[in-house]
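Since this is a predicted model, take the numbers as computed values, not measurements. Every chain is numbered from 1 and lettered A, B, ... according to where its sequence line falls, protein lines coming before strand lines.
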There are 2 protein chains.
Amino acid sequence: MDSNIKNKYELQAQIMKALAHPARLLIVKELCNREMFVCELQKLIGDDISTVSKHLSILKQAGIIDDRKEGLRIYYRLKLKCIPMLLSCSENILIEKTREEIEILQSLSKP
Amino acid sequence: MDSNIKNKYELQAQIMKALAHPARLLIVKELCNREMFVCELQKLIGDDISTVSKHLSILKQAGIIDDRKEGLRIYYRLKLKCIPMLLSCSENILIEKTREEIEILQSLSKP
DNA sequence: TGTATATTTTACCAATTTGCCAAATATGTT
DNA sequence: AACATATTTGGCAAATTGGTAAAATATACA
């Protein structure tokens, strides 16, 4: 594979990797509605706060989220409008997959 | 985190994980244009054919691609229409990130 | 039947990612 | 300054993922 093209896909894979974790998906999903600060997200997710902070830094460095300081708190928010659409596409894939699995199960129980 | 919700994000993360690899992104990108069989993809990517086959099985099991047999060959193709859009969103993130990095570099070289 | 081609599976090791704790940093309050 | 709250960083063991070679399967054809 040509090395420039390879590099491009490497960078794009980095973005997908950032989204490839349940806690990080939940974070992004919540940030579709409103900006939130770290403690809020920590309560939602339930992991150690240092773990949540690390998830946030992965998402930030991937260019998916952004932050702003307000007093002691750091608010995180989505960076681009297309991100909810990206999530909903991956949800579609999940829904379709589930639909097919159910179909297979049903066909097995038929005469 | 509630265990049903957790499970949902776990499954969705699995889909993102499938896309979180440069070779697999390239495969999906190519399949946006037309269906292809394993040897064709192997030439494009350059990895060992067993590696390519593994990538394909990861994408298939994630519900992103589908296959059909024709003689000795197995043709792979995208499963859902929204996938090109998902890719273009992650490209947007990459482009915006790159744009900002360039901006920072330029501001450093100014008076 | 045997042979050639296309693809997948298995087994293995190296590299990466996770998640927690403890320590460090940053900001606001007294 | 001392203290409290919010967040990040560094270090480490456990779990997961990535890539290859070799073996196994599947299909077509002589």
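- In summary, contact between chain A and DNA chain C, defined as any nucleotide atom under 4.0 Å from a heavy atom of the protein, begins and ends at C:dT17 to C:dG28 in the 5' to 3' direction.
- Listed by residue number, B:S50, B:S53, B:K54 are the residues of residues 50-58 of chain B with a heavy-atom contact under 4.0 Å to DNA chain C.
- Boundaries of the chain B contact region on DNA chain D are D:dT17 to D:dA28, first to last in 5' to 3' order (nucleotide atom under 4.0 Å from a heavy atom).
- In terms of the salt bridge (Lys or Arg N to Asp or Glu O under 4.0 Å) criterion, residue partners of A:D67 (sequence neighbours excluded) are, by chain and number, A:K60.
- Partners of B:L72 by side-chain contact (heavy atoms from CB on, under 4.5 Å), not counting sequence neighbours: none found.
- Residues from residues 67-77 of chain B with heavy atoms under 4.0 angstrom of DNA chain D, sorted by number: B:K69, B:G71, B:L72.
- Between B:Y76 and B:L31 there is a side-chain heavy-atom pair separated by less than 4.5 Å.
- Residues satisfying the side-chain hydrogen bond (donor to acceptor under 3.5 Å, both in side chains) criterion with A:Q106, sequence neighbours excluded, are absent altogether.
- Legend: ring pair (Phe, Tyr, Trp, His ring centres under 6.0 Å) pairs involving residues 88-111 of chain B, not counting sequence neighbours: none detected.
- Between the A:T51 side chain and the A:D47 main chain, no donor and acceptor come within less than 3.5 Å of each other.
- Nearest heavy atom pair, residue A:I74 against residue A:K69, reads CG1-CG, 4.0 Å.
- Partners of A:K8 under the salt bridge (Lys or Arg N to Asp or Glu O under 4.0 Å) rule, at least two apart in sequence or in another chain, are B:E91.
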Side chains of residues 10-23 of chain B: which donor-acceptor partners sit under 3.5 Å, not counting sequence neighbours?
{"from": "B:Q12", "atom 1": "NE2", "to": "A:L87", "atom 2": "O", "distance (Å)": "3.3"}
{"from": "B:Q12", "atom 1": "NE2", "to": "A:S90", "atom 2": "OG", "distance (Å)": "2.7"}
{"from": "B:H21", "atom 1": "ND1", "to": "B:A23", "atom 2": "N", "distance (Å)": "3.1"}

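- In this structure the side chain of B:Q61 reaches within 4.5 angstrom of the side chain of A:K97, judged on heavy atoms.
- Comparing B:I49 and A:D47 by the nucleotide of DNA chain C whose heavy atom lies nearest to each, the residue mapping closer to the 5' end is B:I49.
- In the hydrophobic clustering (ILVMFWY side chains linked at under 4.5 Å, chained through shared members), B:F37 is joined by B:Y75.
- For A:R99, the side-chain hydrogen bond (donor to acceptor under 3.5 Å, both in side chains) partners two or more places apart in sequence, or in a different chain, are A:E96, A:E103.
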